[in-house]
Colleague: 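Here it is: the structure, laid out below.
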Amino acid sequence: MESLQSHRVEMISIAVALVAIGAGTAFYFYITKKPKGILKFSNLSAVWLILLQKEKNSFVGIGCLDPDNFKEYKLVKRTELSHNVAKFKFALPTPNSVLGLPIGQHMSCRGKDSVGEEVVKPYTPTTLDSDIGYFELVIKMYPQGRMSHHFREMREGDYMAVKGPKGRFKYQPNQVRAFGMIAGGTGITPMFQEEIDNLATIFPSQFNIYYVLNQILRCGPPPMNKAMAAHLNDLGYTSQMQFQF
Ligand SMILES: Cc1cc2nc3c(=O)[nH]c(=O)nc-3n(C[C@H](O)[C@H](O)[C@H](O)COP(=O)(O)OP(=O)(O)OC[C@H]3O[C@@H](n4cnc5c(N)ncnc54)[C@H](O)[C@@H]3O)c2cc1C
């Protein structure tokens, strides 16, 4: 009888805890109007832990990264984005694992260069801790680059040694009224390109994005080319920055 009662109390406690977690999560997504608001129930506990992390803006010990030791992560998907840029998707230890990288920080990746020597370079994932079970890197591979060689040779199923978080930039919620971000090339990665595009769509009066080009290719009828060349000159694009087919 006593054990039946304690079992019932236990069941009620679990039910109350589940309702509280569910309501809290729903409330969070309601107040933040998060675009990616649809979550699998199995991911709920991990999301809840992320909320704690976001609230305290400090890492509460649930992430996978180790600041002192390199840990290995499996490359599960490689997507070529251009002739020298690829997206690398790495699996975290479990489908519910969280990387644990505060916004604005980066991590060290270790590999081997073309002569087999060890090389360590910093990289910023394009994913956030709200992306559960994996993280992604967008890498530009330079012909002579030492770490570029390692990434160029990486195939699905290979492992990458990663250590972190690292970095001096520590974002505090409401720390400033507005941020200005200037990014060139792969410097876009810490700005989370997909996220900022989303922000610009959701908050058009608060958020503007300007993509700046350093080379313009022009192709069309002569009057169009002439007019466009004049406009581009006015905007400060020198003739070396313009290419006419
Ligand atoms: C905080 C931080 C985050 C970063 N995040 C990313 C990221 O997410 N994705 C990413 O691709 N890179 C990122 N980088 C750059 C990255 O750390 C390496 O510098 C880059 O991958 C080149 O390393 P490498 O060993 O291949 O080249 P190296 O062996 O260091 O350089 C060899 C040659 O490659 C060329 N080269 C190297 N870097 C550049 C460059 N930036 N511009 C033009 N030519 C260059 C030069 O010709 C150079 O002589 C980040 C850097 C920092 C500081």
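Starting from 1, each residue takes its place in the sequence as its number. Keep in mind that this is a model prediction, so the values were computed, not measured. Both ligands and their constituent atoms are indexed starting at 1 by order of listing.
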Colleague: Please confirm whether Phe135 and Tyr73 have ring centers closer than 6.0 angstrom.
Modeller: yes
Colleague: How far is atom 8 (O) of ligand 1 from its nearest protein heavy atom, and which residue and atom name does that atom have?
Modeller: Thr189 OG1, 3.0 Å
Colleague: Pull out every atom of ligand 1 sitting under 4.0 Å from any heavy atom of Ile139, numbered as shown with elements.
Modeller: 9 (N), 11 (O)
Colleague: Judged by non-hydrogen atoms, does Leu137 sit under 4.0 Å from ligand 1?
Modeller: no
Colleague: Hey, does the side chain of Gln105 reach the backbone of Gly167 with a donor-acceptor pair shorter than 3.5 angstrom?
Modeller: yes
Colleague: Only heavy atoms of Gly145, strictly under 4.0 Å: list the atoms of ligand 1 that pass.
Modeller: 24 (P), 26 (O), 27 (O), 28 (P), 29 (O), 32 (C)
Colleague: Any side-chain heavy-atom pair from Lys71 and Leu65 closer than 4.5 angstrom?
Modeller: no
Colleague: How long is the span from the OG1 atom in Thr124 to the CG atom in Leu101, to the nearest 0.5 Å?
Modeller: 7.5 Å
Colleague: I need the atoms of ligand 1 closer than 4.0 Å to a non-hydrogen atom of Arg146, numbered in the order shown.
Modeller: 24 (P), 25 (O), 26 (O), 27 (O), 28 (P), 29 (O)
Colleague: Looking at Phe88, is Arg78 sitting on its ring face, NZ or CZ under 6.0 Å from the six-membered ring centre and within 45 degrees of the normal?
Modeller: no
Colleague: Taking distance alone, with N or O pairs closer than 3.5 Å, would you say Val119 contacts ligand 1?
Modeller: no
Colleague: With no hydrogens and no angle check, is any side-chain donor or acceptor of Gln242 less than 3.5 Å from a backbone partner on Tyr237?
Modeller: yes
Colleague: Using a distance threshold of 4.0 Å (strictly less than), state whether atom 47 (O) of ligand 1 has a protein heavy-atom neighbour.
Modeller: no
Colleague: Please indicate, with yes or no, if any protein heavy atom is found under 4.0 Å from atom 39 (C) of ligand 1?
Modeller: yes
Colleague: Relative to atom 5 (N) of ligand 1, which among Thr124, Asn84, Val138 owns the nearest non-hydrogen atom?
Modeller: Thr124
Colleague: Compute the shortest N/O to N/O distance between His106 and ligand 1 and return yes if it is under 3.5 Å, no if not.
Modeller: no
Colleague: Could you tell me the residue and atom name of the protein heavy atom closest to atom 26 (O) of ligand 1, and the distance to it rounded to 0.1 Å?
Modeller: Ser148 OG, 2.5 Å
Colleague: Less than 3.5 Å between some nitrogen or oxygen of Pro122 and one of ligand 1, yes or no?
Modeller: yes
Colleague: When you measure from atom 30 (O) of ligand 1 to every protein heavy atom, which one gives the shortest distance, and what is it?
Modeller: Lys121 NZ, 2.7 Å
Colleague: If you have a sec, work out which protein heavy atom is nearest atom 11 (O) of ligand 1 and how many Å separate them, to one decimal?
Modeller: Lys140 N, 2.9 Å
Colleague: Side chains of Met160 and Phe90: does their closest heavy-atom pair fall under 4.5 Å?
Modeller: yes
Colleague: Just to be sure I read this right, does ligand 1 sit under 4.0 Å from the backbone of Tyr142, its side chain, both, or neither, counting only heavy atoms?
Modeller: side chain
Colleague: How long is the gap from NE2 on His150 to NZ on Lys112, to the nearest 0.5 Å?
Modeller: 8.5 Å
Colleague: Could you check whether any side-chain N or O of Asp131 sits under 3.5 Å from a backbone N or O of Thr127, counting only pairs where one atom can act as donor and the other as acceptor?
Modeller: no
Colleague: Has the side chain of Asn84 got a donor or acceptor atom that lies under 3.5 Å from a matching backbone atom of Lys140?
Modeller: no
Colleague: For atom 13 (C) of ligand 1, what is the nearest protein heavy atom, given as residue, atom name and distance?
Modeller: Tyr123 CD2, 3.5 Å
